[in-house]
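The block underneath contains the structure these notes are about, expressed in structure tokens.
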There are 2 protein chains.
Amino acid sequence: MTRAPQKRRLETRARLLEVAAAIVQEQGYSGLRVEDVVARAGVAKGTLFSHFRDKDGLLAVLIGDEVMRLLDGMEAAGAPQDAAELTVRLAPHLDYVSQDRVIFDLLLRYSGTTAAEPDEVVTAGFIRQVALLSRWLQLLQAAGRIRRDQPPELLAEGIQAFLNHVLGVWFCLEHDDETPPAKALEPYLLAWLQPAP
Amino acid sequence: MTRAPQKRRLETRARLLEVAAAIVQEQGYSGLRVEDVVARAGVAKGTLFSHFRDKDGLLAVLIGDEVMRLLDGMEAAGAPQDAAELTVRLAPHLDYVSQDRVIFDLLLRYSGTTAAEPDEVVTAGFIRQVALLSRWLQLLQAAGRIRRDQPPELLAEGIQAFLNHVLGVWFCLEHDDETPPAKALEPYLLAWLQPAP
DNA sequence: AATCAAAAATGACCACGGTCAATTACAAAA
DNA sequence: TTTTGTAATTGACCGTGGTCATTTTTGATT
């Protein structure tokens, strides 16, 4: 009886992720094809699907990792002083997601859950982001810089809603010279957080 | 030189839509397969794709029609007296979309655009919904029932954001006995529209 | 009626994600 | 060393959306 995955298996999984990341680097998320991944990793197609539920499951790990990295950056930047500065903190996230519709779709599909399976880095990232936002909002409330009549969790989830909204609009537009998502987010955030005076 | 589509063509298109609607009726949106549609319509696969850009294009017409019907209902119900009543007006829309993830995905993908191609009923529906909401919000502002410090258009788009947010969360949950989207929407709407006193 | 160019429809074909019964590699037991 | 049960891998196969060179239909023109 052996419950823990064997060494060989872990190596295969790591190789798949490595190769997938490399292909994404070269061709972008939309250019990732399962056949290419398994070919370059030197395994059969079935193997990939024994490691990841589906193509999205593989993408979720890659994207989840990146989201975690972005969150590290956010946290490192420290708590904002007001709503406008909060927009600045969120800009890297918007920039990342807005680069490819695949990222947006995947985050949207995975990021409402609260039940986290081992693989679900994306869900973990979502939870972490809401938690971080809630903490920051609480600080801002304490400092009297934003409205205090709503719990920080609600405000945080509302911000998530606005993030996705501006991204959704962004992807529907021919984004040649449109206002970037970060800019589009600002009025919503200000109106949402504005202290009831 | 003949620019207008010929009669035969229009008939084929109508038949395809008819059949597709019937199949959706029987199997739900997720059960709609292109092969079934063309088989029952008695045409070749290629024909379908000469009438609609892709499967989504076909779905968009079906769903767009339904959205239009819902908007008729909304308009007929008349302007709400306050934010809470607005939630009630939006409930049918939430109920409809929450019945199948396919609807949600499609609306999300199509409904940010402003450029409407002939077929894009969904886009037209989106524009109409924002316009209707804007009008209602303007009335509520005039009556002093909601905040007046933001333009009704911004408030309307914000509501769209919250609609999609609660739906997104809904589809990530195992919705056995969870709070339905309409219920989840309420706190957001109240907080968003609350007059700054 | 015969001709012909444009419109419409056709269906063999492809791409790509995903499945699963069969096979191989591995580690512990005999 | 051989046996054996299980973990891991394999790759032929499938479903389904989508393409496009070819064929059929249509209606205006002679």
Side-chain angles (χ1 to χ4, degrees), chain A residues 1-20 23-24 26-63 100-103 105-106 109-110 118-119, chain B residues 1-20 23-24 26-63 100-103 105-106 109-110 118-119:
Chain A
M1 166 241 179
T2 22
R3 233 49 234 301
Q6 306 302 303
K7 198 169 123 202
R8 179 196 175 88
R9 186 165 174 77
L10 288 179
E11 284 170 355
T12 304
R13 185 195 145 100
R15 189 146 25 91
L16 284 169
L17 283 172
E18 220 172 274
V19 166
I23 294 181
V24 165
E26 293 161 18
Q27 329 246 328
Y29 287 96
S30 336
L32 189 76
R33 291 183 312 126
V34 170
E35 296 222 28
D36 292 343
V37 176
V38 296
R40 274 175 64 167
V43 300
K45 213 190 258 187
T47 301
L48 189 147
F49 291 103
S50 89
H51 284 273
F52 306 95
R53 184 191 307 285
D54 50 22
K55 191 188 170 187
D56 270 9
L58 171 62
L59 274 174
V61 177
L62 296 177
I63 292 174
D100 196 322
R101 162 142 236 155
V102 173
I103 309 176
D105 287 345
L106 191 132
R109 161 156 283 116
Y110 281 67
D119 262 5
Chain B
M1 165 238 172
T2 21
R3 231 54 234 300
Q6 305 302 302
K7 199 167 124 202
R8 179 196 177 90
R9 186 163 176 78
L10 289 178
E11 284 171 356
T12 304
R13 186 195 146 98
R15 187 144 27 89
L16 284 169
L17 283 172
E18 221 172 274
V19 167
I23 293 180
V24 165
E26 292 161 18
Q27 330 245 327
Y29 286 97
S30 336
L32 189 75
R33 292 184 313 124
V34 170
E35 296 223 29
D36 292 344
V37 176
V38 296
R40 274 172 65 166
V43 300
K45 213 190 258 185
T47 300
L48 189 148
F49 291 102
S50 89
H51 283 273
F52 307 95
R53 184 190 309 284
D54 48 24
K55 191 189 172 185
D56 270 10
L58 171 62
L59 275 173
V61 176
L62 296 177
I63 292 174
D100 196 323
R101 161 141 235 155
V102 174
I103 308 175
D105 287 345
L106 191 132
R109 163 155 282 114
Y110 280 69
D119 262 3

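Sequence lines set the chain letters: A, B, ... in the order given, protein chains first and strands last, and positions in each chain run from 1. Computed from a predicted structure; not experimentally measured.
Picking from C/dT19, D/dT9, D/dG18 the nucleotide with the shortest atom distance to the side chain of B/Lys45 gives D/dG18. In this structure, of D/dG17, D/dT10, D/dT9, it is D/dT9 that holds the atom nearest to the side chain of A/Thr12. Closest contact between the side chain of A/Arg33 and the listed nucleotides D/dT9, C/dC16, D/dG17 involves C/dC16. Distances from the side chain of B/Phe49 to the nucleotides D/dT19, C/dG17, D/dA8 place D/dT19 closest.
Here the OH-CD1 distance, from A/Tyr110 to A/Ile63, works out to 9.5 Å after rounding to the nearest 0.5 Å.
Rounded to whole angstrom, the span from the CD atom of B/Glu11 across to the C1' atom of C/dA8 amounts to 13 Å. Protein atom CG of B/Leu10 is 15 Å distant from nucleotide atom C1' of C/dA9, rounded to whole Å. Atom pair B/Leu59:CG and D/dT16:P shows a separation of 15 Å (rounding to whole Å applied). If you measure from atom CG of B/Asp54 to atom P of D/dT19, you get 8 Å, rounded to the nearest angstrom. For the pair A/Phe52 CZ and C/dG17 P, the computed distance is 15 Å after rounding to whole Å. The interatomic distance linking A/Asp56 (CG) with C/dC16 (C1') rounds to 14 Å, in whole Å. Atom CG of B/Leu16 is separated from atom C1' of C/dA9 by 11 Å (rounded to the nearest Å). The CZ-P distance, from B/Arg15 to C/dA8, rounds to 14 Å in whole Å.
Checking the phosphate oxygens (OP1, OP2) of D/dT10, a side-chain nitrogen or oxygen of A/Thr47 falls inside 4.0 Å. Proximity of B/Arg8 to the phosphate of C/dA7: no side-chain N or O atom is located under 4.0 Å from OP1 or OP2. At D/dA8, none of the side-chain N or O atoms of A/His51 fall inside 4.0 Å of OP1 or OP2 (strictly under the cut-off).
Between B/Ala20 and B/Leu62, the shortest heavy-atom contact is CB-CD1, 3.9 Å. The nearest pair of heavy atoms linking B/Ser30 to B/Asp100 is OG-OD2, 2.7 Å.
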Can you check salt bridge (Lys or Arg N to Asp or Glu O under 4.0 Å) on B/Asp105 and B/Arg109, steps first, answer last?
CA-CA 6 Å; B/Asp105 287 345; B/Arg109 163 155 282 114; over 6 Å; no
Please step through side chain to side chain contact (heavy atoms under 4.5 Å, CB included) for the pair B/Asp56 and B/Leu106, ending with a clear verdict.
CA-CA 7 Å; B/Asp56 270 10; B/Leu106 191 132; 4.1 Å; yes
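Within 4.0 Å (heavy atoms only), B/Leu58 reaches no atom of the nucleic acid at all. B/Leu48 comes within contact range of no nucleotide atom at all, as no heavy-atom separation falls under 4.0 Å.
For A/Lys55 against C/dG18, no side-chain N or O and base N or O form a donor-acceptor pair under 3.5 Å.
When each of B/Ala44 and A/Glu35 is assigned the nucleotide of DNA chain C bearing its nearest heavy atom, the one mapping closer to the 5' terminus is B/Ala44.
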